[in-house]
Amino acid sequence: KNEVEQSPQNLTAQEGEFITINCSYSVGISALHWLQQHPGGGIVSLFMLSSGKKKHGRLIATINIQEKHSSLHITASHPRDSAVYICAVRSSGNTPLVFGKGTRLSVIA
Amino acid sequence: SAVISQKPSRDICQRGTSLTIQCQVDSQVTMMFWYRQQPGQSLTLIATANQGSEATYESGFVIDKFPISRPNLTFSTLTVSNMSPEDSSIYLCSVGFYSGNTIYFGEGSWLTVV
């Protein structure tokens, strides 16, 4: 079974700072997802990656398949970015997603 | 894309009772997934709800405790039976249109068992 590790577990940043959240996994994958969970519990999908890099607004996600590692970057962070960010991987086909424990981000104005 | 409506959003339940959570999707999907997220933990898959067949349960979850219905391609229910405080969690439904594509989650149902 794939093991997914995220770091850091908790992160506090000042508004405007550049933020990086890391995700490592143990077994080769077909896809990696970055998710955002707000305090009420709802989850939004940010990115799905199988290789390379994706960018959406102030968010950038990268993946290194050889190193089994992905990063989520937030540029010019804002208090509304405060949430839990979760990394999830799928090993192959329709196998279930395996989730990391999440990184709790607080951005202070 | 998909919009998922999940209810109840929050409930406080008495020990020993059962609660049914509903998940409604605004488009037809083949597979719907039910997850549990215990406090401070990551999401754990309970089962995959297949239309027209029995749900497929993950190790550690059984049908008697978490019966699931999937009467059509846009709706599913999860019942948490004979609840105990250990069942206090967020329960989320999720859909994906095919492997590796964007995944969608409901807003979650936050259950507290007292």
Side-chain angles (χ1 to χ4, degrees), chain A residues 1-10 21-26 28-52 54 56 59 61 63 65 70 83-104, chain B residues 1-11 21 23-25 29-50 53 55-61 88-112:
Chain A
K1 180 182 175 182
N2 222 329
E3 301 290 334
V4 180
E5 297 288 336
Q6 283 186 241
S7 63
Q9 288 186 320
N10 296 283
I21 300 170
N22 297 299
C23 175
S24 297
Y25 51 91
S26 58
I29 61 170
S30 62
L32 180 144
H33 297 260
W34 280 103
L35 310 169
Q36 181 190 55
Q37 185 173 30
H38 283 281
I43 295 176
V44 174
S45 176
L46 299 175
F47 294 104
M48 190 279 291
L49 294 163
S50 55
S51 64
K54 288 189 176 180
H56 186 260
L59 302 178
I63 188 168
I65 298 295
S70 175
V84 176
Y85 292 84
I86 301 170
C87 170
V89 302
R90 191 189 305 276
S91 295
S92 64
N94 283 317
T95 56
L97 287 167
V98 177
F99 295 82
K101 289 191 175 182
T103 295
R104 185 176 299 276
Chain B
S1 65
V3 176
I4 304 174
S5 300
Q6 192 176 333
K7 57 182 180 182
S9 59
R10 190 178 291 263
D11 208 341
I21 302 167
C23 181
Q24 178 77 53
V25 189
V29 295
T30 303
M31 300 172 78
M32 297 176 73
F33 307 92
W34 287 99
Y35 292 92
R36 180 175 74 181
Q37 186 180 29
Q38 294 177 303
Q41 300 298 315
S42 60
L43 281 76
T44 301
L45 181 65
I46 297 171
T48 302
N50 309 301
S53 64
T56 303
Y57 288 83
E58 297 300 306
S59 176
F61 298 96
S88 298
S89 298
I90 302 173
Y91 293 85
L92 297 112
C93 71
S94 173
V95 305
F97 291 97
Y98 56 84
S99 174
N101 201 1
T102 303
I103 51 178
Y104 302 90
F105 287 86
E107 288 296 309
S109 298
W110 200 311
L111 303 188
T112 301

* Structure fact -> Shortest non-hydrogen pair, B/S42 vs A/G100, comes out as CB-O, 3.0 Å

* Can you measure from OG (B/S94) to CG (A/L35) and round to the nearest 0.5 angstrom? => 8.5 Å

* Considering only heavy atoms, which portion of A/Q9 lies under 4.5 Å from any heavy atom of chain B: side chain, backbone, both, or neither? -> neither

* **Which portion of B/Q37 sits near chain A, non-hydrogen atoms under 4.5 angstrom** => side chain

* **Distance (rounded to the nearest 0.5 Å) between A/I43 CD1 and B/Y104 OH** => 14.5 Å

* Region of A/I29 that comes under 4.5 Å of a non-hydrogen atom in chain B -> neither

* **B/L92 portion near chain A, given a 4.5 angstrom heavy-atom threshold** => side chain

* To the nearest 0.5 Å, how far apart are NZ in A/K101 and CG in B/L43? -> 13.0 Å

* With side-chain contact (heavy atoms from CB on, under 4.5 Å) as the test, would you mind laying out the steps for B/T44 and A/F99 before giving the verdict? => CA-CA 8 Å; B/T44 301; A/F99 295 82; over 6 Å; no

* **B/E107: partners by side-chain contact (heavy atoms from CB on, under 4.5 Å), with sequence neighbours left out** => none

* For B/E58, what residues pass the side-chain contact (heavy atoms from CB on, under 4.5 Å) criterion, not counting sequence neighbours? -> A/P96, B/L45, B/F61

